[in-house]
Protein chains: 2
Amino acid sequence: MEYFPAPLEKLVEQFARLPGIGGKSAQRLAFHVLSLSDQDAREFAEAILDAKSSVTCCPVCQNLTAGGLCSICASPKRDAGTICVVADPRDVAAMERAREYGGSYHVLHGVISPMNHVGPDDLEIKSLVQRVSQGDIQEVIMATNPDTEGEATAMYIARLLKPFQVRVTRLAYGIPVGGHLEFADDATLVRALEGRREL
Amino acid sequence: MEYFPAPLEKLVEQFARLPGIGGKSAQRLAFHVLSLSDQDAREFAEAILDAKSSVTCCPVCQNLTAGGLCSICASPKRDAGTICVVADPRDVAAMERAREYGGSYHVLHGVISPMNHVGPDDLEIKSLVQRVSQGDIQEVIMATNPDTEGEATAMYIARLLKPFQVRVTRLAYGIPVGGHLEFADDATLVRALEGRREL
């Protein structure tokens with residue numbers, strides 16, 4: 001493309017670099033920015049710079065924070081003796097939405113994935129082991145995704161934590177609430193049967 | 001959502017305001033921005049401000065330009081005596097991609113649409129009439145979209161230009177090249193028949 005003024009082309013290119021945004025969408029987004037008020041465009045640009053410069057990782061749980069301890073680690077209402085280990089900050093958000101868990105988190109920022117050249121040292125595993133070794137931790141709940149990599153990561157960490165004689169648990173597998181048995185895959189049904197409970 | 005640090009939430013909101021970007025996509029885009037290098041994030045923000053501040057409309061044809069005359073109006077190779085009237089700057093890009101047209105353009109920035117409260121005065125119609133009245137124009141090609149609003153806008157402008165005794169034409173209707181007759185709608189087939197030519 002070379003039919004738009006250079007600054008517009010540049011903006012289209014920037015949008016096209018975003019994940020899931022193709023050429024046509026990038027064009028539409030760039031034209032939308034042109035149609036914004038000066039104020040709105042400035043706010044958009046500032047939001048990018050702000051987020052990039054002020055969002056860091058919590059020194060304790062590695063969750064995203066706007067500086068210092070994250071709101072969960074800083075809260076006196078949360079049980080610091082329980083750690084829920086997740087792969088991604090978005091998983092923290094998912095758990096928090098469920099409004100059931102009252103402990104703290106540890107965000108790995110990924111899972112072990114030899115295919116993508118991600119090893120244990122690329123993740124926040126050392127900081128987790130340190131937390132468990134130093135603190136008064138009763139339980140570590142492994143809440144990585146129930147796929148191969150999440151599974152392997154959970155197993156790997158569980159083994160690392162064994163010497164500390166802390167209780168390590170894993171989220172239950174089973175049929176999702178509101179799901180249809182008919183559409184459940186075999187592996188899920190096997191796990192749901194295995195984990196069945198007295199009524 | 002209130003599970004991410006405020007600057008990140010703000011960025012998610014900004015992305016969610018863009019057309020065609022839902023909540024989940026906005027979240028993914030915001031996290032992508034966090035993963036950018038400082039340099040890349042700055043370039044993205046600057047591209048927004050740059051495009052917004054430096055892209056204006058060409059004083060002659062109202063196409064987008066980075067300042068002053070647009071590259072088409074400024075080119076001595078283009079025939080200034082022919083004006084192709086389009087609704088949107090993206091239509092100029094489409095015409096240019098076809099590499100057939102060598103005249104100039106006039107961008108209306110919309111079409112007459114009573115449903116959306118867009119009247120003739122909201123469009124660049126006056127500037128077109130002025131161009132035709134002042135300049136040495138041989139032909140005005142109406143290239144608005146072949147839908148109801150584009151059609152009505154073309155008819156309206158053709159009537160306005162009548163006093164100037166300039167040749168006003170409309171893009172041909174017919175079956176699109178590479179299309180399938182079997183999938184062509186009735187209206188298109190009727191127009192294709194009407195516009196048939198000697199081989």
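A, B, ... follow the sequence lines: proteins, then strands. Residue 1 opens every chain.
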Residue A:Asp186 excluded, over 12 heavy atoms near CG under 6.0 Å: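 Atom CG in A:Asp186 is not packed in, count stays at 12 or less.
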
Atom CG of B:Asp185: over 12 foreign heavy atoms under 6.0 Å: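 Yes, enclosed.
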
Should [X] and [Y] be counted in the same cluster of Ile, Leu, Val, Met, Phe, Trp and Tyr side chains packed under 4.5 Å apart?
X: A:Ile137; Y: A:Met142; answer: yes
X: B:Leu34; Y: B:Phe15; answer: no
X: A:Leu11; Y: A:Leu18; answer: yes
X: A:Tyr101; Y: A:Val140; answer: no
X: B:Tyr173; Y: B:Leu171; answer: no

Proximal component of B:Ser37, with respect to chain A [non-hydrogen, under 4.5 Å]: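 For B:Ser37, the backbone is the part near chain A, not the side chain.
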
Heavy-atom pair count under 4.5 Å with chain B, highest-scoring of A:Arg90, A:Glu46, A:Glu13: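 Most heavy-atom pairs under 4.5 Å with chain B: A:Arg90.
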
For chain B, the option from A:Val92, A:Leu64, A:Ile72, A:Val33 that forms the most heavy-atom pairs under 4.5 Å: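 Max contact count across the listed options: A:Leu64.
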
Flag, side chain of A:Lys52 to backbone of B:Arg42, donor-acceptor distance under 3.5 Å: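 No, A:Lys52 side chain to B:Arg42 backbone: no donor-acceptor pair under 3.5 Å.
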
Heavy-atom pair count under 4.5 Å with chain A, highest-scoring of B:Pro19, B:Ala47, B:Ala41, B:Ala66: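 Counting heavy-atom pairs under 4.5 Å, the top option is B:Pro19.
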
Options B:Asp50, B:Leu8, B:Asp40, B:Thr65, ranked by heavy-atom pairs under 4.5 Å with chain A, top entry: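 Option with the top pair count is B:Thr65.
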
Closest heavy-atom pair and its distance - A:Phe4, B:Pro89: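 Residues A:Phe4 and B:Pro89, closest heavy atoms: CE2-O, 3.8 Å.
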
Close side-chain approach of A:Lys10 and B:Glu43, heavy atoms under 4.5 Å: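 Answer no - side chains too far apart.
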
pair B:Ile21-A:Leu29: side-chain heavy atoms closer than 4.5 Å: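 Yes - at least one pair of side-chain heavy atoms lies under 4.5 Å apart.
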
CZ-CZ distance between A:Arg17 and B:Phe44, expressed to the nearest 0.5 angstrom: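 Those atoms lie 10.0 Å apart.
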
